[in-house]
Amino acid sequence: MCGIVAYIGKKEAYPIILKGLKRLEYRGYDSAGIALLNNGEINLYKRQGKVSNLEEFAADKNINGNSGIGHTRWATHGAPNDVNAHPHYSSDGSIALIHNGIIENYDSLRKELINHGYVFKSETDTEVLVHLIDDIRKNEKISIAEAVRHALQNVVGAYAIVVISKDNPNQLVAARKSSPLVVGISNEGDFYLASDATPIVEYTKRVVYLEDEEIAVVDLNEGLKIVNIGNQEITPYVQQLQLELEALEKGGYEHFMLKEIHEQPRSINDCFRGRLNADEAWVSLGGIKEYEQKMINAKRIVMVACGTSWHACLVGEYLLEDLARINVEVEYASEFRYRNPIIGENDIVIAVSQSGETADTLAALELAKSKGATILGICNVVGSSISRITDAGSYTHAGPEIGVASTKAFTAQVTVLTLMALSLAYKKGTISDSKFHSMLAELESIPEKVKLVLEKNDLIEKIANTYKDATNALYLGRGSSFPVALEGALKLKEISYIHAEGYPAAEMKHGPIALIDEEMPVFVIATKGTSYEKVVSNIQEVKARKGKIIAIVTEGDIAVKEMADHAIEIPETDEHLVPILATIPLQLLSYHIAVMRGCNVDQPRNLAKSVTVE
Ligand code: AGP
């Protein structure tokens, strides 16, 4: 996590960097800081807390300079305070540096640098980098770019860094390994650097995504030069951004999360584009087409992900197993990577990730690749690290998701997995023609049905008001609605700070039932389908203990409506597609509860959108 942004050119750097930091604030908001080069001096401005604190602090200061670096922090080493905020200075103030990632061998480097006479001001791992570069530059009498390269050869860990130096006012030096970094090149000869393209798109659409262990020098006289850590020159691959500026704004909604919830009819439709035609009876995921036979032949498919994306994988497991009869295992990426998993050339590993930058998911994929597996990706962010290291993949096309709580990315991931399952099932012959055709038609109608669910907003807000003061909540579902229950619980806890647990409904009686009393809201996905009667029994078990039932039911279902304290109807659909519809009311419920509790919905405490550290 942490967001980094930098600019060098003819314009005033401060407003560009400040705006960029606001765009990147989803990556962390423990502190924000900027360093600007002006009249041969590097001036630092840093503040604990959000970018707005920095902006307030800087308001009465005369901040100038045509080159600068900025950082928004998600604390790993050291408390979130002014001192630990980035940028960090070298002892003589001639170099300043911003960093996203973790320097794992920082302790030994720190001891070494202390022996060389360096005094550390912060508790961060990052400060070792700035002193190390300074030390190497002075001892070896080499350029700042060379010193960066040599320093990084001694570093274990993950980094995206940008370095500004007094001695080279016309250039910035940047590098990355395992943390993302994009360089924007404007027609006027200015350069922008950032953790993602959102701070850049307003100024230029020409970008270069740096690869691992590449060092970029942007120089106002000499342009962009990239070398790898072994000093081989790399020809920059300039790409055209597809991102539009409007997608990064709230568009009249109070929060990004609410906007993103309401965007789902469109984002699901975008996900279908060019991939689904019910009238002509075809479905096709172009990106993975050439791997479909391998998927059909594979002994198993392993899916790796974290958080909400992991929940999407669980839905995918149900879909792929039930429709295509392919054996699927879903793994937490963080566990998979450290478990010495049995993976070989015949395995297919699919990573699912909104950001495409999640460190654990990326590492799990790298491990699978090293063992010879075919690695595929389902990502939202175009050009992200996961999308670039995989053999093939499919984008979800949900558009930028800025709210830290994932909403439209989840339904888009489930949509892609549904398309994948249908395509494989049809090819493999595990689904009848009539079922295939009816499912395609039903899938095409899902965006309209999502709209109908969104129309329940007022009812959902009222229910939210009843339960806003709860301290605990239980979410229950069976089959593919179990991951929906997990996702509902995650949404509630991450933005409203209410403790919530998702459970397979039948598991409740093996423990969590002990928690149920008249204070406990129990959210149950009780739509019509295979387990309907079983879920109804589970509802009765909760009722018998005086728990409060909030049920997501199929339109027209009177029975559960009468049993429940509250019911939210969703349109009837094929059982396999219920997860997409049933998730929407749970997103809205969490959203309203969080707003009523006065929580920061888009930037919940302690979280970051893109978890680029272990
Ligand atoms: C979702 O609301 C969370 N903020 C989080 O669990 C997220 O899904 C997880 O960090 C994985 O992120 P990714 O999809 O970008 O890999």
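Small disclaimer: the values here were computed from a predicted structure and weren't measured. Both ligands and their constituent atoms are indexed starting at 1 by order of listing.
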So which pairs with a foot in residues 71-80 pass side chain to side chain donor-acceptor pair (under 3.5 Å), sequence neighbours left out? His71-His86
Side-chain ion pair, Lys462 and Asp458, N-O less than 4.0 Å: no
Any residue meeting salt bridge (charged side-chain N to carboxylate O under 4.0 Å, His left out) with Glu104, in chain and number order, not counting sequence neighbours: none
salt_bridge(Arg300, Glu329) N-O dist < 4.0 Å: yes
In chain order, what residues pass the salt bridge (charged side-chain N to carboxylate O under 4.0 Å, His left out) check against Glu357, with sequence neighbours excluded? none
Quick one, list the residues around ligand 1 where some non-hydrogen atom comes in under 4.0 Å, by chain and residue number. Cys306, Gly307, Thr308, Ser309, Ser353, Gln354, Ser355, Thr358, Val404, Ala405, Ser406, Leu490, Lys491, Glu494, Val611
Hey, are Lys451 and Glu455 close enough for a salt bridge, meaning a charged N less than 4.0 Å from a carboxylate O? no
